[in-house]
2 protein chains.
Amino acid sequence: MSQSHSRRPRGRPSVGIREAILDATYRLVLERGLTGLTTKEIAAAADASEASIYYHFADKTALIEGVILDAVLEPLRAFAAIFPAETEGRSLRHALTSYARKLTAFWERVLPLLAAVQADAELRDEFASRITELGYGPHRGVRAVADYLTEQQRLGHVRKDVDARQAALSFAGACFLSAYQRHMFGPRRKLPPLDRTLETLVRLIEPSGAEARR
Amino acid sequence: MSQSHSRRPRGRPSVGIREAILDATYRLVLERGLTGLTTKEIAAAADASEASIYYHFADKTALIEGVILDAVLEPLRAFAAIFPAETEGRSLRHALTSYARKLTAFWERVLPLLAAVQADAELRDEFASRITELGYGPHRGVRAVADYLTEQQRLGHVRKDVDARQAALSFAGACFLSAYQRHMFGPRRKLPPLDRTLETLVRLIEPSGAEARR
DNA sequence: GTCTATATTGGGATAGAC
DNA sequence: GTCTATCCCAATATAGAC
């Protein structure tokens, strides 16, 4: 967006370069990865000069770290809150399917950034401590589902002999693997469609006639 | 292995530098990530000169790509074959638990490398096409489990109304998420222990008394 | 605030002795 | 085959005009 003219036509908006730089950096990390990413590339993609990068950011590291950590932490923060709202007055199947779609989309958005984080020692350490201190992490999503399942169990919509946390891990795991596979190999459908996997899981944990009385 | 003395004592083995370089590169990618990894660092870690690197390898790219692709593809290849052997004459629970342990260990070994692959555009493309052409990929592990479950279904050890492929995805997904979490945050136990998750899954897919007759 | 032009550092790669 | 010494260039970062 906003490329395709190597020089902005006069009347350039005196503000917005900073945003363009952030945006370009983000896109480049997604598309080309972090390895070998240069300030020249970023400047070109943002249609700005390298000097402008150094006007707005202390150095390259500050730029990259800022972009990546924000791009991961913000969705994480946003996502951590949505599950309860998603379940309001919905059937077990509906709630889980809906959540799974969001969870998968979330992972697909974040995974490329996590790869970049992981490939860089400094970023990795910084990221791990930030996540830990904020209390985010995969267990967050798993626990949200587990809590929901426990509640549904109390209401008799989930078999009593199912360990909610374990079932939640299977659930989240299926979403995660599905997202990771698309992340690495694109949208080829080599794995079973996630929707049907979830349906299978739901059927497994729902009380069958014989189980309902236990 | 073979570190802890910064200079080989005299009588250095005139052969083995190539191996030392490969080994050092591998270790450095794991420890420090690919971003910013230099030939100087590699040389130092291998206790060799930079020139030796260029004697044995065409350029830095050839070295890195060689190391990483080998380090990923070889375990992949080895792993693709083991599942059937693991299941011989074992109970459903035992076979799955044993396989899960291997699957998780495999992922933990490979994930750091995959992150490096993903962070580099060239590597990523090269890797994706190699994997595709070899027919590896996450679906491989999923399918192996699915086939096994189908067989067990025929033998009456798995509920008939369970879709084997979907159950396998849940199974592999739980392993994968578990491995990924440890990969990112270390061995903190924020997720439910995998063993118990698998037990839960096994119990779910095993025929209950009421289901056995269907 | 943004640019052009330039300084500086350091990493990839090579020459040539041994 | 391995080393030391060096080259070259690309990438980060800055100076200074506008």
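Each chain gets a letter, A, B and so on, in the order its sequence line appears, and its residues count up from 1.
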Next on the checklist: Is A/Ser52 close enough to C/dC3 that one of its side-chain N or O atoms is under 4.0 Å from OP1 or OP2 there?
Outcome noted: yes
Next on the checklist: Can you tell me if B/Thr39 touches the phosphate of C/dG11, counting only side-chain N or O atoms and a distance under 4.0 Å to OP1 or OP2?
Outcome noted: no
Item to check | A/Glu50 CD to D/dT12 C1', straight-line distance once rounded to whole Å | outcome: 8 Å
Next on the checklist: Applying a 4.0 Å non-hydrogen cut-off, can you work out what A/Ser49 is touching in the nucleic acid: base, sugar-phosphate, or nothing?
Outcome noted: base
Checklist entry - Given atom CD1 of B/Ile53 and atom C1' of D/dC3, what is their separation to the nearest angstrom? => result 13 Å
Item to check | Atom pair distance, as rounded to whole Å: NZ in A/Lys40 and C1' in D/dC9 | outcome: 11 Å
Checklist entry - Between C/dG11 atom C1' and B/Leu34 atom CG, what is the distance in whole Å? => result 15 Å
Item to check | Side-chain donor-acceptor pair present, B/Ser52, B/Ser49, cut-off under 3.5 Å | outcome: yes
Checklist outcome for this item: note: A/Arg18, atom CZ; C/dG1, atom P; distance rounded to Å ~ 10 Å
Next on the checklist: For a quick check under 3.5 Å, do B/Thr104 and B/Arg182 share a side-chain donor-acceptor pair by atom type?
Outcome noted: no
Item to check | 5' precedence on DNA chain D between A/Ala51 and A/Thr38 (nearest-nucleotide basis) | outcome: A/Thr38
Checklist entry - Between B/Arg154 and B/Glu151, is there a salt bridge with N-O shorter than 4.0 Å? => result yes
Next on the checklist: Assess whether a salt bridge exists between B/Arg143 and B/Asp147, defined as any Lys/Arg side-chain N lying under 4.0 Å from an Asp/Glu carboxylate O.
Outcome noted: no
Checklist entry - Quick one: is C/dT14 close enough that its OP1 or OP2 comes under 4.0 Å of any side-chain N or O from B/Tyr54? => result no
Next on the checklist: Measure CZ/A/Arg32 against C1'/D/dA11 and give the value in whole Å, please.
Outcome noted: 14 Å
Checklist entry - CD of A/Glu41 versus C1' of D/dA13: gap in Å, rounded? => result 17 Å
Checklist entry - Is the distance from OP1 or OP2 of D/dG1 to the nearest side-chain N or O of B/Tyr55 less than 4.0 Å? => result yes
Checklist entry - When all nucleic acid strands are considered with a 4.0 Å heavy-atom cut-off, which category describes A/Leu37: base, sugar-phosphate, or nothing? => result sugar-phosphate
Next on the checklist: Base, sugar-phosphate or nothing for B/Ile42? Non-hydrogen atoms, less than 4.0 Å.
Outcome noted: nothing
Item to check | Aromatic plane relationship, B/Phe176 with A/Tyr180 - under 30° parallel, 30 to 60° tilted, over 60° perpendicular | outcome: perpendicular
Next on the checklist: Tell me the interatomic distance from A/Lys60, atom NZ, to C/dG10, atom C1', rounded to whole angstroms.
Outcome noted: 13 Å
